[in-house]
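What follows is a set of notes on a single structure, which appears directly below.
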Amino acid sequence: MKLSRRLLLLLFCLAIPLILTATGAAYWMIRDGFVGYEQRTYAAERAHLQMDVEHWLTQNRKSMTAIRTALESERPEALDFLVAQARQRGLISLVMNHHGELHVLQNPALPVDGNSEAMRALLDPILSTGTFQYERSGFARLGHQVFGLVAQPLNHRNWRGLIGIQAFDQALLDALSYRHHRIHTTTLVDAPEGSPLALPHFAGTALTLEPQFDLTERHIRTEQIHRVMTVLALVLVLLALASFFTFRRILLGPIGSLKQRIEQGLTQRKTSRPLPESGQDELSEISQLCNDLFSQRLHQRQQISTLLRTVSDAVVLVDPQARIELVNPEAEKLLAVEHGPVRQCALINLVAGPAGQELHAALKELLSSGRISLEGRVSLQQGGQKRQLEYHAARTLDHEGHTLGAVLVLRDITHSEQMKRELMHKSQRDQTTGIYNRHTFEQRLEALADLPGQHAICYMDLNRFKLINDSCGHEAGDRMLRDVAQEMVRSIRPGDLLARIGGDEFGLIMKDTSALETARVLKQLMERVEGITLYWDSGSYRVGISIGVAFQRADEQRPREVFKDAEIACHANKGKGGESQIHFFDSLDQDLAHQRNAPQWAMKINEAIVNDDLVLFYQPIEPVQASSPRRKCEVLLRIREEGGRILAPGQFIAAAERFNLMPAVDKAVIRKSFEWLARNSHLWNTQVLSINLSGTTLSNGNLVSYIDEMCALYRVPPETICFEVTETAAIANENRALEILHALRRRGFAFALDDFGSGFASYGYLRQLPVDYVKIDGCFVRNLANNAKDYAIVKSIHDVCRVMGIETVAEFVEDQETLSRLRAIGVNYAQGYGIGRPKDLETYQPVPQEDGVKA
């Protein structure tokens with residue numbers, strides 16, 4: 001549709017209806033605004049009128065109040081004057097005696113049309129049945145008349161009530177309405193129940209005012225608004241029509257002329273600026289822009305031609321029928337197309353053999369389907385040489401999505417594929433030994449998860465290999481590794497995978513094998529490896545091999561976990577002093593199971609430290625002989641799991657030591673112990689906490705500074721802390737341990753040598769270590785009552801410590817008989833289940849000191 005018709009349609013279908021709609025909406029909005037304003041004005045007038053009526057009733061109440069005052073004070077002259085004055089206003093005064101009878105003051109006639117008995121009949125039931133307890137005022141209807149009444153209690157010897165009554169007729173109501181210029185007339189009607197506009201009610205049905213307003217001003221304003229909005233709508237419609245014709249004359253005419261010029265310029269393909277550019281109007285500027293576009297199109301054609309000549313890939317452009325429109329020189333060379341016309345030819349006619357058929361079929365499929373691109377590979381036979389081609393075809397579309405043809409890009413990947421195969425081979429092999437590397441081993445290991453049957457996974461570690469590297473250098477070590485790998489390859493079965501996974505570590509996967517077959521192959525492999533002799537620098541060297549084996553069965557365990565089991569079995573064998581042995585993993589072996597679960601325990605310990613899930617327990621250490629000025633207890637570590645279950649240290653301490661987490665654990669225990677003592681400062685003079693320090697913590701360089709930091713933070717006195725170290729840890733880190741122990745001893749902390757007697761320490765270490773207590777290992781205490789040798793050992797340890805001024809603590813005291821023997825020996829303190837079981841430190845309750853542990 002032409003632009004002029006679109007504008008005309010827009011004008012009559014959108015602009016004019018929109019103008020009329022907006023004008024109508026504006027009219028109703030203004031009219032509603034005036035109506036709302038009038039309604040608020042009417043409401044205000046109604047409220048003011050009701051206030052005037054209530055004010056009239058208030059005046060009557062004031063007059064009756066003055067008459068009541070005159071009656072009560074018995075002033076006849078004032079009473080006559082006030083009654084006469086009220087009668088002039090139409091207010092009649094009545095009194096009620098103590099018998100409930102009504103009388104009119106000064107005997108005037110009641111303001112009721114007809115018989116005055118009607119008024120008495122109205123008032124008698126209301127006033128004679130009750131007493132005048134309070135003042136009442138309001139309006140009541142009698143027939144067609146409305147009266148305002150005021151009733152007041154009266155303190156008089158003859159009268160007990162005073163009543164004022166006045167007719168509220170239309171004349172009086174019109175007089176009140178005249179003060180409000182918007183109200184034409186007012187009537188009294190019965191008020192709906194609960195109406196907020198009801199007048200004060202005295203008897204009968206409640207009444208309300210119903211004013212009639214003057215609507216002349218409303219009609220005048222409505223007509224004025226209507227005329228103004230009609231004129232405004234006509235003006236806007238005329239402006240829209242004028243804008244349309246002006247736009248058509250100013251813009252559409254020049255656009256039509258420019259269209260003709262552009263159509264003429266499109267036929268001139270050999271020039272880059274076909275349109276005239278003379279003049280200073282917008283048409284000349286548009287002509288200049290069109291000439292720039294024509295120039296850019298010509299330049300793009302030249303650039304495309306140059307690009308096709310310089311691109312290294314073969315490019316073929318085809319039409320929607322898969323016929324060639326353009327090829328670049330690289331395509332001519334690759335497809336062996338001689339120079340000449342190739343337009344309107346198909347690839348199946350230019351390229352002989354299956355390659356031409358496959359390329360032509362790919363283009364046909366792309367052009368006939370809804371796909372945008374297509375990729376693939378073909379093999380091209382040229383001059384006795386087979387070449388690999390990678391092609392990428394993409395459809396070319398116009399702006400409406402119609403297919404214009406396709407672009408086919410061909411790339412010779414023969415050399416790159418050859419290089420890729422070589423790189424793949426190198427990436428899978430170990431450069432030193434030529435066997436598979438760790439990456440390939442892990443890939444094949446994961447593939448075992450989908451294979452049925454039983455597969456052996458072996459972890460092999462060379463023994464004494466480090467001696468060769470240290471003595472002869474890495475060149476000799478590489479020579480030994482190559483020899484070992486060759487002998488291993490000769491020993492394994494066809495189909496088994498051997499890989500080097502570390503410096504002197506190898507992995508072996510044996511598919512579909514039994515334990516007997518695995519042992520036979522590995523024994524042969526071990527004999528071959530042990531038979532290798534390396535002669536280097538007038539010396540000869542041999543290596544041994546330790547092998548761990550675990551079996552992978554379908555749907556039982558992940559292959560990576562099985563390989564870890566094999567590694568655990570190998571290291572467990574070496575850790576026990578075994579050399580050149582085969583060790584099969586057994587899930588029932590508790591030591592191996594603990595080593596398998598050690599990484600998970602290490603992660604759980606680390607999370608417990610981060611989340612502050614470490615829990616401190618305590619076990620009392622009681623004096624055996626006599627009371628001590630301070631109570632002692634050993635702090636024990638536990639971990640709280642998510643479900644609230646408490647884990648004992650035997651389940652995680654070994655993992656913490658293996659993964660070097662004990663320094664962090666010990667620091668957490670120190671921090672929580674200091675924090676507990678800070679919260680229980682009333683125990684500082686009576687309590688000592690014994691905190692264990694591991695061997696790795698003793699070798700930690702910042703232990704002393706950390707303890708100083710805790711002391712400064714919590715201000716806990718050093719005499720409330722005793723650090724316990726095992727004799728093996730103290731001896732293994734003798735120099736560092738002595739330095740730390742002396743530094744903390746100077747700060748006032750006490751020390752205990754734990755598990756004394758279970759290691760290889762001599763009494764000579766007691767002279768070097770600044771310890772205050774020696775804890776006799778429980779292996780000597782447990783059977784003390786029945787074993788004379790244990791009794792002699794414990795007694796000798798105590799005697800030596802007594803001479804050196806060191807107090808002794810017996811561990812694992814579980815019964816009273818053992819306690820009696822310890823008392824006979826003279827041991828100072830006892831600890832064990834017989835003394836007290838471990839409990840949560842937060843539940844600790846101090847007990848009074850006693851004279852030693854009771855027998």
Side-chain angles (χ1 to χ4, degrees), residues 616-625 628-637 649 653 662 666 669-670 673-674 677 687-695 697-698 703-704 707 716-734 736-759 761-781 793-794 797-813 822 825-832 835-836 838 841 853:
L616 297 187
F617 274 49
Y618 77 95
Q619 187 175 24
I621 303 174
E622 298 293 344
V624 177
Q625 302 295 337
S628 173
R630 289 179 179 268
R631 302 193 63 84
K632 299 177 176 59
C633 61
E634 181 179 356
V635 176
L636 305 175
L637 178 62
I653 289 297
M662 283 308 298
D666 287 345
V669 173
I670 293 172
S673 300
F674 274 69
L677 283 172
Q687 188 65 51
V688 176
L689 292 186
S690 294
I691 303 174
N692 289 280
L693 297 179
S694 66
T697 304
L698 282 177
L703 175 62
V704 176
I707 295 176
V716 174
E719 57 269 16
T720 61
I721 300 293
C722 175
F723 291 107
E724 293 188 9
V725 295
T726 62
E727 61 167 304
T728 53
I731 295 171
N733 306 275
E734 181 179 355
R736 184 61 183 165
L738 284 174
E739 180 181 347
I740 292 176
L741 295 180
H742 283 294
L744 294 177
R745 186 67 177 271
R746 288 193 297 270
R747 287 162 171 78
F749 294 100
F751 285 93
L753 192 61
D754 197 8
D755 297 339
F756 187 81
S758 61
S762 65
Y763 289 120
Y765 284 105
L766 293 179
R767 293 186 300 176
Q768 303 178 22
L769 298 175
V771 295
D772 303 275
Y773 306 95
V774 166
K775 301 187 74 173
I776 304 171
D777 193 86
C779 65
F780 305 117
V781 179
I793 293 174
V794 172
I797 294 175
H798 173 71
D799 292 340
V800 172
C801 292
R802 179 173 54 80
V803 172
M804 300 180 66
I806 300 174
E807 293 185 306
T808 53
V809 181
E811 299 179 308
F812 288 88
V813 179
L822 293 173
I825 295 173
V827 173
N828 303 100
Y829 296 94
Q831 179 182 1
I835 306 301
L841 186 59
V853 179

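Basis for what follows: all heavy atoms, side chains included, without hydrogens, waters or symmetry-related copies.
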Rounded to the nearest 0.5 Å, how far does CG of Leu769 lie from CD1 of Ile806?
8.5 Å

Is there a side-chain contact (heavy atoms from CB on, under 4.5 Å) between Leu677 and Ile721 once you walk through the steps?
CA-CA 10 Å; Leu677 283 172; Ile721 300 293; 3.4 Å; yes

For the pair Asp777 (side chain) and Phe756 (backbone), establish whether a donor and an acceptor sit closer than 3.5 Å, ignoring hydrogens and angles.
no

Nearest heavy atoms of Val635 and Asn692, plus distance in Å
O-ND2, 3.7 Å

In Å, rounded to the nearest 0.5 Å, how long is the span from CD1 of Ile621 to SG of Cys722?
7.5 Å

Between Cys633 and Gln687, is the side-chain contact (heavy atoms from CB on, under 4.5 Å) condition met? List the steps.
CA-CA 8 Å; Cys633 61; Gln687 188 65 51; 3.4 Å; yes

Parallel, tilted or perpendicular: which one describes the rings of Tyr773 and Tyr829, with boundaries at 30° and 60°?
perpendicular

List for me each residue that meets side chain to side chain contact (heavy atoms under 4.5 Å, CB included) alongside Pro717, sequence neighbours excluded, and say none if there are none.
Trp684, Glu719, Thr720

Give the minimum heavy-atom separation between Pro718 and Arg747, together with the two atoms involved.
CG-O, 3.1 Å

Provide the closest heavy-atom pair for Gln831 versus Pro620 in the form atom of the first, atom of the second, distance.
CG-O, 3.8 Å

Would a distance-only check, ignoring hydrogens and angles, find a side-chain to backbone donor-acceptor pair under 3.5 Å from Glu807 to Asp772?
no

From Leu693 atom CG to Phe751 atom CZ, the distance as rounded to the nearest 0.5 Å
7.0 Å

Using the side-chain contact (heavy atoms from CB on, under 4.5 Å) rule, take Val803 and Asp799 through it: C-alpha gap first, then chi angles, then the decisive distance, then the call.
CA-CA 6 Å; Val803 172; Asp799 292 340; 5.7 Å; no

Would you call Ile793 and Ile776 a side-chain contact if the rule is heavy atoms closer than 4.5 Å?
no

Least distance between heavy atoms, Pro770 atom then Arg745 atom
O-NH1, 2.7 Å

Rounded to the nearest 0.5 angstrom, the CG-CG distance for Leu841 and Leu616 is 6.0 Å

Nearest 0.5 Å please: distance from the CD1 atom of Ile691 over to the CD1 atom of Ile707.
8.0 Å

Do we see a donor-acceptor contact under 3.5 Å between the side chains of Asp755 and Thr726?
no

Give a yes-or-no answer on whether the side chains of Asn828 and Thr808 include a donor-acceptor pair shorter than 3.5 Å.
yes

Exercise: identify the closest heavy-atom pair between Glu724 and Ser690:
OE2-CB, 3.2 Å

With sequence neighbours left out, what residues match Glu811 under salt bridge (charged side-chain N to carboxylate O under 4.0 Å, His left out)?
Lys775

Before accepting this row, confirm whether a basic side-chain N of the pair Glu622/Lys632 lies closer than 4.0 Å to the acidic partner's carboxylate O.
no

Partners passing side chain to side chain donor-acceptor pair (under 3.5 Å) against Arg802 (at least two apart in sequence or in another chain):
none

How long is the gap from CD1 on Ile670 to CG on Leu689, to the nearest 0.5 Å?
12.0 Å

Residues Val781 and Phe812: closest non-hydrogen pair is CG1-O, 4.1 Å

